[in-house]
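For reference, the structure discussed in these notes is given below.
The sequence lines fix the lettering, A, B, ..., with proteins before strands; numbering per chain opens at 1.
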There are 2 protein chains.
Amino acid sequence: MVRKPTSKETARKPNMREAILAAAEELFATNGFNAVSVRDIAQAAGANPGSVTYHFKTKDGLLLEIYRRHCGPMNLRRSELLAAARRVRDLQDRLEAVVRAYVAPAFTSGSDLAGGGARFTRLRAVMSAEGNEVTRKIIAQTFDDTSHAFIDAIHDSLPHLPRTDIVWRSHFLLGALYYSLVTPDRVSRLSRGEADGNDAASAIEQLVQATVAAFQAPALDQAAPARRRPVVSSKT
Amino acid sequence: MVRKPTSKETARKPNMREAILAAAEELFATNGFNAVSVRDIAQAAGANPGSVTYHFKTKDGLLLEIYRRHCGPMNLRRSELLAAARRVRDLQDRLEAVVRAYVAPAFTSGSDLAGGGARFTRLRAVMSAEGNEVTRKIIAQTFDDTSHAFIDAIHDSLPHLPRTDIVWRSHFLLGALYYSLVTPDRVSRLSRGEADGNDAASAIEQLVQATVAAFQAPALDQAAPARRRPVVSSKT
DNA sequence: TGATCTTTTGTACGATAGTACAAATCACAT
DNA sequence: ATGTGATTTGTACTATCGTACAAAAGATCA
């Protein structure tokens, strides 16, 4: 016997609402927020423009709901992976595990919530580039905790490294991560087909190894910048 | 005696045209292309909306002209710095010089063409995130040569490293570079004020050192992925 | 000064944007 | 079967978009 929902439960037909969310996510992530109209989204979802207003009130509300849907699961997954990574004994291995815990969830593919990490991360990249006000707040609120936890974990593996350097390097990591999802074709193009920028596994491996090495670089004491080598030397 | 221009020369009053270009560059770089209207630009430049149409025909034409203005000088400067860097004898030092030659011109500040590297680079970052068609072509045409020259120079300093790895890591470099210009405040926030994300000198030093270390990481043979360490280990 | 060309201004047009809202339709409990 | 609340549809309103274009203003030279 199938349970009969009490009619106040979520929705009778969750299909359309989900379809709109999925279509909006895809379109926003590839074209930016302002370039996509509500009518574009409705058409891609096979819905009526009025349906979008009904479910999400405004275009900003739709964007906000996409974030609400993803932030929880993704941060949860990262927390789990990070906790597991911190239990690795060897410091070198732990560093790699921590970085991987940060990177891997951002590359997961698929259409469901747990699997759509790549699309959502790309959306975040595009929104941060556009300087979107709506998402900047939610990002700072939701992701700064995760970032701090990640930074702390790195600091555990590299106790000698000043926190400042860790912040900079993890910032570079996020930038590289974003860009890999935004413009993967550039990798294929520059490598003349030898590498596939759209291959998530390759991207993860490359990004993890490069980032681990970057974190392991010696500290930059800003107090005494030892040898500031000029780029243009008159001779030699 | 001041030379009298023959009236067909450039323009009588270059001020307004330049003001529009500068205002558009600033607004596009901070808000994205689609979020900024021609009227916004005109108002910021103290001009009439019709003036934008007169000078640049269309909004796309205005964007294109911004790129035309900057691509030449920036690539020229990079070529000079790269040529100087390649003359450095010590391989380790040369690698750092090459990376610095790539990074430094992207951070120059100022309002003129030679100094506005940071604003223009930020614009490129935003445009690539928005997936803008107009700029994608001109970027691929204009910057791929520079990228290849840069990759070749890296390859000279690190002959053992497969080209594939160099492409990936230089891709990460560009992503980190973009992101540092797009969201500098995040660095200040995450470091709780200890670091200043808006300080170009710090950003350059941090980025160069981290990137050099990343390039120096051992090669990733994709043929035989040696020890693929799982992130989640059941125990230890 | 008057003729001519360049630049700026003011305004208007058609297209499309986000959103509101009433009517139609659907799902389901009674 | 029918009433009821949830959802979808169709449409319309207002604002703003990019762009066009004629008129005004400014500059240059005979």
Side-chain angles (χ1 to χ4, degrees), chain A residues 1-25 27-28 30-66 127 130 132-135, chain B residues 1-25 27-28 30-66 127 130 132-135:
Chain A
M1 186 185 288
V2 183
R3 187 181 66 94
K4 283 179 283 183
T6 63
S7 144
K8 191 65 189 178
E9 213 163 347
T10 57
R12 232 78 67 92
K13 245 191 182 178
N15 306 333
M16 195 47 91
R17 190 186 145 97
E18 293 300 317
I20 292 172
L21 278 169
E25 196 177 309
L27 287 173
F28 286 158
T30 51
N31 300 107
F33 182 72
N34 295 293
V36 177
S37 72
V38 173
R39 286 167 176 83
D40 292 336
I41 297 166
Q43 186 173 10
N48 191 284
S51 243
V52 178
T53 307
Y54 171 73
H55 283 291
F56 307 101
K57 198 65 186 172
T58 68
K59 195 184 173 189
D60 281 350
L62 172 56
L63 180 63
L64 214 65
E65 181 57 26
I66 293 173
M127 288 302 142
E130 278 190 335
N132 187 284
E133 281 299 320
V134 177
T135 60
Chain B
M1 186 185 289
V2 183
R3 187 181 67 94
K4 282 179 283 185
T6 63
S7 145
K8 192 65 190 177
E9 212 161 349
T10 59
R12 230 79 67 92
K13 244 190 180 179
N15 306 334
M16 194 50 88
R17 191 185 143 95
E18 294 299 319
I20 292 171
L21 279 168
E25 195 178 310
L27 287 173
F28 286 158
T30 51
N31 300 105
F33 182 72
N34 296 293
V36 177
S37 71
V38 173
R39 287 168 176 84
D40 292 337
I41 297 167
Q43 186 173 9
N48 190 286
S51 242
V52 178
T53 307
Y54 171 73
H55 284 291
F56 307 101
K57 199 66 186 172
T58 68
K59 195 184 174 189
D60 281 351
L62 172 56
L63 180 64
L64 214 65
E65 181 58 25
I66 293 173
M127 288 302 142
E130 279 190 334
N132 187 284
E133 281 299 319
V134 178
T135 61

* Value in whole Å for how far the P atom of D/dT8 lies from CD1 of A/I41 -> 16 Å
* Mind calculating the distance between CE (B/M16) and P (C/dT8) to the nearest angstrom? => 6 Å
* Asked: Between CD1 of B/I41 and CD of B/E25, what distance do you get to the nearest 0.5 Å?
  -> 11.5 Å
* Check the distance between C/dG10's P and B/Q43's CD and give it to me in whole angstrom. => 13 Å
* Let me have a per-nucleotide readout for nucleotides 13-20 of chain D, 5' to 3', with B, S or -, counting only protein heavy atoms under 4.0 Å. => ----BBBS
* **Atom pair distance, as rounded to whole Å: CD in A/E18 and C1' in D/dT8** => 17 Å
* Asked: Within the structure, does a side-chain N or O atom of B/H55 lie under 4.0 Å from either OP1 or OP2 of C/dT6?
  -> no
* Looking at B/A42 and B/N48, what are the two nearest heavy atoms and their distance? -> CB-C, 3.8 Å
* Asked: Can A/K59 be said to sit on top of A/F28's aromatic six-ring, NZ or CZ under 6.0 Å from centre and within 45° of the ring axis?
  -> no
* Just jot down the side-chain contact (heavy atoms from CB on, under 4.5 Å) partners of B/S37, sequence neighbours excluded, or say none. => B/R39, B/D40
* Between atom CD1 in A/I20 and atom P in D/dT8, what is the gap in whole Å? -> 7 Å
* Beyond-backbone contact of B/F33 with B/V134, side-chain heavy atoms, under 4.5 angstrom -> no
* Partners of A/A35 by side-chain contact (heavy atoms from CB on, under 4.5 Å), sequence neighbours excluded? -> A/N31, B/N34
* Asked: Do the side-chain N or O atoms of B/Y54 get closer than 4.0 angstrom to the phosphate oxygens (OP1, OP2) of C/dT7?
  -> yes
